[in-house]
Amino acid sequence: MENGGDETDETLQTQMSMLYEYIDRHPDLKLTDSYMDNGYTGTNFDRPEFVRLMDDVRSGRIQCIVVKDLSRFGRNYLETGYYIETLFPHLNVRFIAVNDDFDSIQESDRDSLSVPIKNMVNALYAKDISKKICAAAEVRASRPDVIPCGTAPFGYMVSDDRKHYLVDEEVAPYVRMIYRWALDGVGNKNIAKRMELLGAPTPGQRRAGQPADSSKWNAGTVLKVLQNPNYTGDMHMGRMKQALYKSEKVRWTSPEEWKVRKNTHEPLVTRDDYQKVQELISSYNKRKMADDHFYVEQRERMQDHFTGLVYCGECGRRMDFRRYMHNYATLEKAVSCYGCRKKSDVQDIEGHVVYEDFLKIVVMDQIQVLIKSMCDRKKLLDKMNTSTGGKRSMLSAEKKMVALTAKIAETEERQGQLYENFADGLLEQEDYQSLKERYIADRQRMQAELQELEQQRRKLEKTVNRYKDLVKHLESYLDKRDFNEALVKELVERIVYYPSGGIEVIFKCNDVAEEIACLLEGSD
């Protein structure tokens with residue numbers, strides 16, 4: 001439920017009470033939670049409580065949504081229609097708008113044209129209200145005897161006649177402290193920590209009268225105080241604008257768009273101090289942008305070339321890629337390394353860090369060893385295929401298959417002869433049955449052995465062809481020791497670094513290399 005910021009908490013509570021009574025009157029409904037976006041417009045679906053509602057809907061916690069009317073759910077007719085007509089039916093979520101007499105469980109309500117028409121009317125109404133509010137705000141800003149709508153800045157309170165700001169003596173000293181610390185060079189984060197230590201109420205707590213532990217100071221809160229020009233005693237109107245009827249979202253305007261009235265209330269800081277703080281903020285932002293650009297360049301220059309491949313040999317965890325600077329004058333990061341996640345403290349890091357440059361050398365050396373050994377084995381494999389002994393070794397499986405095929409045929413022939421002997425009365429029933437079962441068992445055993453040899457032969461051919469294709473591809477990299485990231489990612493499965501300094505490179509092609517090695521050893 002939303003109220004667009006133009007209804008009181010009492011009005012919202014009245015609406016909620018009506019919904020609670022409706023749920024109580026319907027035993028098929030059970031109250032699970034309440035969602036109320038106080039101060040947010042229904043034309044915007046990026047509302048905190050609405051987001052929480054949809055999270056609960058998608059998790060299955062909510063199966064039915066009850067609102068006062070369709071406009072309380074949303075005033076953007078396209079998005080409202082999408083939720084009611086498409087998303088909720090897909091998620092099997094029931095939707096009820098009490099005052100609009102709409103219940104998605106009723107087919108007549110689902111098919112009614114009144115719902116999209118009402119959604120469109122609500123959207124047009126919201127745009128009309130937005131246009132009137134914008135016009136009223138323009139008129140209000142031109143009058144010398146009024147102040148902006150809403151609450152006063154932190155450190156002030158609105159006078160009873162709502163024509164000017166009065167100093168809030170309870171929290172005004174905190175505003176002065178924030179500016180003094182900023183002028184002394186204290187960062188926003190540290191200022192926020194100091195305000196927390198002092199137990200100072202936050203602007204949100206002061207505005208809403210919330211309990212002291214409901215929110216905390218942070219750098220963003222401090223920045224908003226430091227960037228508010230109203231503390232100089234001048235009224236600045238139009239710093240933030242929104243025009244829903246133009247589909248314009250909330251935006252911060254430039255100082256040239258502000259309407260300023262001088263000396264309308266007591267200042268908490270001088271104009272000079274405020275201007276100095278703005279210069280400090282601008283200088284910090286420029287420096288931060290330069291630093292961000294610098295660090296982006298550093299990251300691009302020093303990329304992780306072994307992403308997800310380096311593991312700690314002690315704990316088995318993946319090691320993190322880290323960049324360190326050796327030149328603290330230029331802040332240039334001069335070295336990159338991989339460190340164990342478990343050993344993040346400086347005193348524990350010794351023996352659990354391996355430098356990337358060293359890793360590149362070791363891995364490329366190991367890749368060269370792999371390529372050379374695979375090329376040598378390929379030569380032996382080719383020699384074995386061309387030599388008499390090699391041919392004999394490679395054909396041994398086929399010879400076994402031929403011999404088994406002949407034995408199977410001989411067994412089948414004997415089994416046929418056996419039946420003829422039985423038919424001619426040369427064999428008794430019992431002898432015939434016994435010999436028949438033995439022949440059948442022998443034939444089944446030999447057929448199984450023949451099938452296994454066939455599978456082995458196909459697997460061997462596939463392995464040899466795969467090995468030859470791989471070696472043919474890798475031969476072009478022989479004796480090339482320059483780092484090749486693409487080749488590393490193609491061949492390396494993982495790199496294990498041990499605290500003793502040992503490095504183990506595990507290759508993806510180890511299986512086929514081992515099979516060829518076994519084949520060559522068997523041929524010897």
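Note that the coordinates shown come from a computational prediction; the quantities given were computed from them, not determined experimentally.
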Between [X] and [Y], what is the shortest heavy-atom contact and its length?
X: A192; Y: A219; result: CB-N, 4.1 Å
X: G316; Y: Y311; result: O-CD2, 3.5 Å
X: L19; Y: K68; result: CD2-N, 3.7 Å
X: H473; Y: S476; result: O-OG, 3.2 Å
X: K436; Y: Q415; result: CG-NE2, 4.3 Å
X: C64; Y: I96; result: SG-CD1, 3.9 Å

Keeping the roles fixed (side chain from [X], backbone from [Y]), state whether a donor-acceptor pair exists under 3.5 Å.
X: K508; Y: R494; answer: no
X: D100; Y: F102; answer: no
X: T411; Y: K407; answer: yes
X: Q63; Y: V93; answer: no
X: E196; Y: W217; answer: yes
X: Q368; Y: Y477; answer: yes
X: Q106; Y: D103; answer: no

Contact check, side chains of [X] and [Y], non-hydrogen atoms, under 4.5 Å:
X: F483; Y: V488; result: yes
X: L487; Y: E490; result: yes
X: L87; Y: M54; result: yes
X: E356; Y: C337; result: no
X: I65; Y: V57; result: yes
X: F321; Y: S336; result: yes
X: P89; Y: S104; result: no
X: V492; Y: I506; result: no

Q. Any Lys/Arg nitrogen of D28 or R94 sitting under 4.0 Å from an Asp/Glu carboxylate oxygen of the other?
A.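 A salt bridge links D28 with R94.
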Q) Ion pair present between D33 and R52, side-chain N to carboxylate O less than 4.0 angstrom? A)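 Yes, D33 and R52 are salt-bridged.
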**Q.** Heavy atoms of other groups near E475 CD, more than 12 under 6.0 Å
**A.**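 Yes - once you tally the heavy atoms of other residues, nucleotides and ligands closer than 6.0 Å, there are more than 12.
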Q | Neighbour count >12 (heavy atoms, 6.0 Å) for atom OH, Y419 | A |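 No, the 6.0 Å shell around OH holds no more than 12 heavy atoms from other groups.
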Q: Please work out whether the ring planes of F422 and Y432 are parallel, tilted or perpendicular, with thresholds of 30° and 60°.
A: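 Aromatic pair F422/Y432 classed parallel.
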Q. Where does the angle between the aromatic ring planes of F306 and Y338 fall among parallel (under 30°), tilted (30 to 60°) and perpendicular (over 60°)?
A.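 Aromatic pair F306/Y338 classed perpendicular.
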Q: Check step by step if side-chain contact (heavy atoms from CB on, under 4.5 Å) holds for V353 and Y497.
A: CA-CA 9 Å; V353 165; Y497 176 74; over 6 Å; no
(Q) Nearest 0.5 angstrom please: Q417 CD to L426 CG, how far? (A)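 It comes to 9.0 Å.
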Q: First locate atom CD1 of I495, then atom CZ of R318, and finally report the distance between them rounded to the nearest 0.5 Å.
A: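 One gets 12.0 Å once the value is rounded to the nearest 0.5 Å.
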Q: Evaluate the criterion side-chain contact (heavy atoms from CB on, under 4.5 Å) for residue pair R443 and Y439; output intermediate values, then yes/no.
A: CA-CA 6 Å; R443 189 181 72 234; Y439 286 150; over 6 Å; no
Q. Have S434 and D431 got a donor and an acceptor in their side chains that come within less than 3.5 Å?
A.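 No donor-acceptor contact under 3.5 Å links the two side chains.
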Q: Show your reasoning for whether side-chain hydrogen bond (donor to acceptor under 3.5 Å, both in side chains) applies to Y498 and E504.
A: CA-CA 8 Å; Y498 296 93; E504 179 186 5; 2.9 Å; yes
